[in-house]
Participant: 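One structure, pasted below without further comment.
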Amino acid sequence: MKKLALLFAGLSLFVATGCNDDDKEMEYPLVGVWQPLKEVVTTVETGEEPVSDLITYTDCQKEGRWRFNSEATGKVTKNGEIGTTPQCTILSDQNFTYTYDRSAKTIVIKFQGIVEPSNGKIITLNDTTLNLSLREETQDPTVYKTRTYTMRRIPQ
């Protein structure tokens with residue numbers, strides 16, 4: 001009987017101290033409003049080295065927004081300067097629907113009016129930063145293009 005009590009006490013101690021939630025990675029929601037900061041366009045041609053171009057956004061372009069709603073819908077607003085005396089204005093508003101697989105960190109975005117969906121990957125998602133990589137279709141099947149957007153969460 002002592003052995004059984006000792007075994008039960010040992011198992012209880014193991015269960016009480018063996019589980020630790022501190023090791024869990026914090027999960028942050030995609031839902032929210034994001035400010036674009038920059039993008040990197042990477043082009044890969046079969047048999048060639050990848051070429052990446054950094055596009056640093058102007059202050060006006062940074063006024064654009066990516067909004068991911070909880071209903072799996074969203075909107076991209078792109079800003080830019082137009083005219084001889086550059087004035088910041090909205091260049092486009094594009095609605096979209098999306099499917100996000102949190103465990104695989106994959107995302108499929110279907111922009112309104114565009115037949116082919118954009119397949120992508122969430123590279124970074126934390127409380128302040130979103131790095132979203134979207135594959136772009138090209139006319140040439142030997143050329144692959146990816147746009148990686150770096151964004152900052154806008155507090156609501």
Side-chain angles (χ1 to χ4, degrees), residues 17-156:
T17 60
C19 296
N20 187 352
D21 287 342
D22 293 342
D23 294 340
K24 275 189 176 178
E25 185 177 314
M26 181 70 171
E27 289 190 19
Y28 296 95
L30 177 62
V31 171
V33 179
W34 298 90
Q35 175 189 25
L37 302 174
K38 65 181 177 180
E39 72 183 79
V40 175
V41 180
T42 303
T43 305
V44 179
E45 196 168 337
T46 305
E48 301 290 327
E49 289 292 318
V51 176
S52 293
D53 295 311
L54 172 65
I55 300 169
T56 304
Y57 285 1
T58 64
D59 288 341
C60 178
Q61 289 170 315
K62 290 178 184 178
E63 289 181 24
R65 297 291 182 261
W66 286 66
R67 179 181 302 274
F68 289 89
N69 300 318
S70 57
E71 307 84 37
T73 62
K75 184 181 216 175
V76 176
T77 303
K78 293 184 179 179
N79 285 20
E81 294 95 358
I82 58 171
T84 54
T85 54
Q87 183 176 351
C88 188
T89 188
I90 294 174
L91 298 178
S92 69
D93 267 335
Q94 211 171 9
N95 293 317
F96 63 85
T97 57
Y98 68 94
T99 306
Y100 174 48
D101 182 343
R102 184 178 294 215
S103 61
K105 296 188 177 187
T106 58
I107 188 166
V108 177
I109 299 178
K110 176 88 166 101
F111 289 98
Q112 184 176 0
I114 297 177
V115 177
E116 292 296 319
S118 293
N119 296 310
K121 193 127 179 107
I122 303 292
I123 307 299
T124 304
L125 176 58
N126 59 38
D127 60 337
T128 60
T129 304
L130 169 63
N131 285 328
L132 170 64
S133 182
L134 295 177
R135 182 168 173 183
E136 220 175 83
E137 295 300 322
T138 64
Q139 298 296 326
D140 186 345
T142 63
V143 176
Y144 302 95
K145 193 176 270 192
T146 304
R147 288 186 186 271
T148 303
Y149 300 91
T150 298
M151 298 182 243
R152 178 176 66 198
R153 187 183 299 274
I154 302 295
Q156 296 288 314

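Remember, predicted model here, so these are calculated numbers, not experimental data. Every heavy atom of this structure was used, including side-chain atoms; hydrogens, water molecules and symmetry mates were not.
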Participant: Hey, is CD on E71 packed in by over 12 heavy atoms from elsewhere, all under 6.0 Å?
Facilitator: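 Atom CD in E71 is packed in, count exceeds 12.
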
Participant: Is it the case that atom NZ in K62 sees more than 12 heavy atoms from other parts of the structure closer than 6.0 Å?
Facilitator: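 Yes, NZ of K62 has more than 12 neighbouring heavy atoms, counting only those of other groups under 6.0 Å.
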
Participant: So R65 and Q35, side chain to side chain contact (heavy atoms under 4.5 Å, CB included) or not? Walk me through it.
Facilitator: CA-CA 5 Å; R65 297 291 182 261; Q35 175 189 25; 3.5 Å; yes

Participant: Apply side chain to side chain contact (heavy atoms under 4.5 Å, CB included) to C88 and list each qualifying residue two or more places apart in sequence or on a separate chain.
Facilitator: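 If we apply the side chain to side chain contact (heavy atoms under 4.5 Å, CB included) test to C88, skipping adjacent residues, the hits are C60, E63, N79.
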
Participant: So, using side chain to side chain contact (heavy atoms under 4.5 Å, CB included) as the criterion, who are the partners of P155 when residues are at least two apart?
Facilitator: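 In terms of side chain to side chain contact (heavy atoms under 4.5 Å, CB included), with neighbours along the sequence ignored, P155 is linked to no residue.
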
Participant: Which pairs of donor and acceptor atoms, one on a side chain in residues 110-120, lie under 3.5 Å apart (sequence neighbours left out)?
Facilitator:
unit_1 : atom_1 : unit_2 : atom_2 : d
K110   : NZ     : I114   : O      : 2.6
K110   : NZ     : V115   : O      : 3.0
Q112   : OE1    : N95    : ND2    : 3.2

Participant: Are the side chains of R153 and P29 in contact, using a 4.5 Å heavy-atom criterion?
Facilitator: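 Yes - at least one pair of side-chain heavy atoms lies under 4.5 Å apart.
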
Participant: Which residue pairs pass the ring pair (Phe, Tyr, Trp, His ring centres under 6.0 Å) test when at least one of the two sits in residues 126-156, sequence neighbours left out?
Facilitator: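 Passing the test, one end in residues 126-156: W66-Y149.
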
Participant: Could you tell me whether the side chain of L91 reaches within less than 4.5 Å of the side chain of I82, counting heavy atoms only?
Facilitator: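 I82 vs L91: side chains touch.
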
Participant: Quick one: ring pair (Phe, Tyr, Trp, His ring centres under 6.0 Å) pairs with a partner in residues 35-62, sequence neighbours left out?
Facilitator: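 Ring pair (Phe, Tyr, Trp, His ring centres under 6.0 Å) check on residues 35-62 returns no pairs.
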
Participant: Could you tell me if D101 and T99 have a donor-acceptor pair between their side chains, going purely by distance under 3.5 Å?
Facilitator: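 T99 vs D101: no donor-acceptor pair found between side chains.
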
Participant: Mind checking whether I109 and L132 have side chains closer than 4.5 Å, heavy atoms only?
Facilitator: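 Yes; the side chains approach each other to less than 4.5 Å.
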
Participant: Short question: side chain of Y28, backbone of T129 - any donor-acceptor pair under 3.5 Å?
Facilitator: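 No, Y28 side chain to T129 backbone: no donor-acceptor pair under 3.5 Å.
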
Participant: Taking it one step at a time, do T148 and T42 satisfy side chain to side chain contact (heavy atoms under 4.5 Å, CB included)?
Facilitator: CA-CA 8 Å; T148 303; T42 303; 5.6 Å; no

Participant: With heavy-atom distances below 4.5 Å as the criterion, would you say the side chains of I107 and L30 are in contact?
Facilitator: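 Yes. Closest side-chain heavy atoms under 4.5 Å.
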
Participant: Can you find a heavy atom in the side chain of Q94 that is under 4.5 Å from one in the side chain of K75?
Facilitator: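 Heavy-atom side-chain distance check fails, nothing below 4.5 Å.
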
Participant: Which pairs pass salt bridge (charged side-chain N to carboxylate O under 4.0 Å, His left out) with one or both residues in residues 30-49, sequence neighbours excluded?
Facilitator: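 Sorted pair list: E39-R147.
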
